[in-house]
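Below is one structure, written out as C-alpha cells; comments come after it.
Whatever order the structure lists them in is the order used to number ligands and atoms, beginning at 1.
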Amino acid sequence: MELYKTNQLKIYNSLSKTKEIFKPILEGHVGMYVCGPTVYSNVHLGNVRTFMSFDLVFRYLKHLGYKVRYVRNITDAGHLENDADEGEDRISKKARLEEIEPMEVVQRYSIDFHNILQKVNNIPPSIEPTATGHIVDQIEIIKTILDKGLAYIVNGSVYFDVLKYNETEDYGILSGRKIEDSIHNTRELDGQTEKKNPQDFALWKKADERHIMRWPSPWSDGFPGWHLECSAMSTKYLGKTFDIHGGGMDLKFPHHECEIAQSKASNNVNPVHYWMHANMLILNGQKMAKSTGNYILPNEIFTGENKLLKKAFSPSALRFFMMQAHYRSILDFSNDALEASEKGFLKLMEAVDQIENIKENKTSSIDINSWKQKCYDAMNDDFNSPVLIAQLFEAVKYINLLQLGKETLSKADLEEFKALINVFVFDILGLQNEVSKDSSSKISGVVELLISMRNEARANKDWALSDKIRDELLALGIQLKDGKDGTSFTVN
Ligand code: AMP
Ligand code: ZN
C-alpha cells in the first residue's frame, strides 16, 4: 500500500496562513510548479536554498508514493531590471555587456544552473519549460483577459487592469497587501506613464528599438510581461487548477499575486490549492542577492575560494547545513555555521558506515517503530527536516550503543533500521556519503602501498615480512590474491 494512505501530510499554505492536511486534486497524483531562475548570471547560494527546499518536497512526495509532475521553468525573456535600470531585459543587458547573443547568455547560465543543482544532488524536474518556448501560449492568455475586459491596450502594450479586477476579485489575496499600498515599485516594466493606474502590470510590452528580444503579436512586436510565463506554463502542463505552487518568499508579491490575478481573470478559477514559500538565505544580516553584491556562489563553497570561508566544504555538507533549517525559517549563512553542520554531517555519515558492523540479536531493546514514527511525524509536519535530523542523531546514539552491545536489535528490526536510515538520509534528505567514498579510495591507496612493500620484501626474500603483511591484512578482512598480472585484493 502506498505510504500516502497511512501518512497525514500537512503543508503550510501561504494563502490560508495555516497548516492544512494535504489532499491532492487527483488521488495519488501531485502537480507542482516552482518558479525557476532567470538565467542571466550564475545562481547564488540563496537561489540554491530555495531549489533545495523544493527538492526536499519533491523527494518526500515521491517517497510517499505520489506520482508527481514537477514543473520548474527557466526564465529566458521578459524579466526586466527594476526602474533604476531603465527597464532593460536582464538577459539582453548581459548579452550587450558581453557582446554575445541573448541565447548564449541563456545557454551559459542554464548549464551553470543544472551543474550546480546536480552537484548538490537535486533531482531534475519532470518538465523544464522556457518562457521563450511559450510565447504563443502567453499571447492566447492575453487575448482572453482582453476579451473579459480586464486588460487594456496602450501604444502596442497591454496592461492588466488591477482596479477593475479588484471590483469583483481580491487582488492581495495571497500577499495580504491592500490595493492602495500595492504600487509596484520594484521589477517595474518601463513605460509606467502609459498605465491607467500604478498598480497595473504589463502583460505585453511593445519593444523599443533597443530591445532585441522580440516577438510578433496582435498588438506590437514585443515581449511578454514577467508574471505571465508562469501562468501560461503552469496551466499548460498542470491544468487550470493544480496542487502546489512554490517559490521564494520574495516572489509572493508582486509575482505570485499577479499570477493568481492572471489565472483567475482568464480561467475563472483559483489556480493553486497550496502556495508554498521558502524563506531567504541571509548573508551579513541581509538577504543574499545578486543585485546588491551580497552573495556567495555555490562553487566558492566547494573550492573554499571566498574570503568569507576558512576552508572548502562538500556539496553534502552544504546540503546538510540547508536541511538543518526548516524551509520556512530564515537561514543565516556563515563559515562557522557551515563548519558546525559539517561536523554533524560527518558524525552522521560515520554512524551510517558503522551500522554494517552491528550484529543482530535474538531480541530488541530499542523500539524501532516508535523511532520510525517520529521521523515520519517530522516530515509530515510541513517537511520539518531539522526535526527529522534530530531523530537521525537519536539513531546515531542507538548505533553507538548497539556497537557496544548496550542495546540490541533482532534480525528483522536491524534490517528495518538499516533500510530506514538509508531512506531518510539518502532518499529523502538527498545526502550523499562522500565520506565513505572518500575513505574507501584512501583505503585502496593504503592497500596498494602495502602490496608494493610486500613485493619488495619478496624480491629481498624477506618471507617473514611478506607473510606478515598478507596475514595481517587478511585478519582485517582484506584478502590478497597473487596472479599472473600481479597482486589484487578483495575487501570482505
Ligand atoms: P530569481 O532568478 O531571482 O527569480 O530567483 C530564483 C529563486 O531564488 C526564486 O524563487 C527566489 O525567490 C529565490 N531566491 C532569491 N534570493 C534568495 C535568497 N537570498 N534566499 C533564498 N531564496 C532566494
Ligand atoms: Zn514564476
Residue list, side chain to side chain contact (heavy atoms under 4.5 Å, CB included) with N335, at least two apart or on another chain |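 For N335 the side chain to side chain contact (heavy atoms under 4.5 Å, CB included) partners, ignoring immediate neighbours, are L309, K310, F313, E339.
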Please say whether [X] places an N or O atom under 3.5 Å from an N or O atom belonging to ligand 1.
{"X": "R49", "value": "no"}
{"X": "A289", "value": "no"}
{"X": "C35", "value": "no"}
{"X": "M280", "value": "no"}

Contacting atoms of ligand 1, where contact means under 4.0 angstrom from a heavy atom of [X]:
{"X": "N279", "answer": "21 (C)"}
{"X": "L251", "answer": "9 (C), 10 (O), 12 (O)"}
{"X": "K287", "answer": "16 (N), 19 (N)"}
{"X": "H44", "answer": "16 (N), 17 (C)"}
{"X": "P37", "answer": "2 (O)"}

Filtering T38, L283, N47, T75 for the heavy atom nearest atom 15 (C) of ligand 1 leaves N47
Taking the inter-plane angle between the rings of [X] and [Y] on a 0 to 90° scale, is it parallel (under 30°), tilted (30 to 60°) or perpendicular (over 60°)?
{"X": "Y66", "Y": "Y4", "value": "parallel"}
{"X": "W275", "Y": "H256", "value": "tilted"}
{"X": "F345", "Y": "F320", "value": "tilted"}

Give a yes/no verdict on a cation-pi contact between [X] and [Y], requiring under 6.0 Å between NZ or CZ and the six-membered ring centre and an angle within 45° of the axis.
{"X": "K62", "Y": "F58", "value": "yes"}
{"X": "K290", "Y": "Y295", "value": "yes"}
{"X": "K196", "Y": "Y152", "value": "yes"}

Shell check on the Zn ion (ligand 2): protein N, O or S atoms less than 2.8 Å away are C35 SG, C230 SG, H255 NE2
ring-ring contact (aromatic ring centres under 6.0 Å, His included) filter on Y165, not counting sequence neighbours, yields F160
Listed by chain and number, what are the side-chain hydrogen bond (donor to acceptor under 3.5 Å, both in side chains) partners of Y70, not counting sequence neighbours?
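Result, side-chain hydrogen bond (donor to acceptor under 3.5 Å, both in side chains) vs Y70: none returned.
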Exercise. Measure from the side-chain N and O atoms of N279 to the backbone N and O of L331, and report whether any donor-acceptor pair falls under 3.5 Å.
Key: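 A pair under 3.5 Å: no.
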R108 vs E104, test: salt bridge (Lys or Arg N to Asp or Glu O under 4.0 Å). Steps then yes/no. CA-CA 6 Å; R108 182 190 295 170; E104 286 183 87; over 6 Å; no
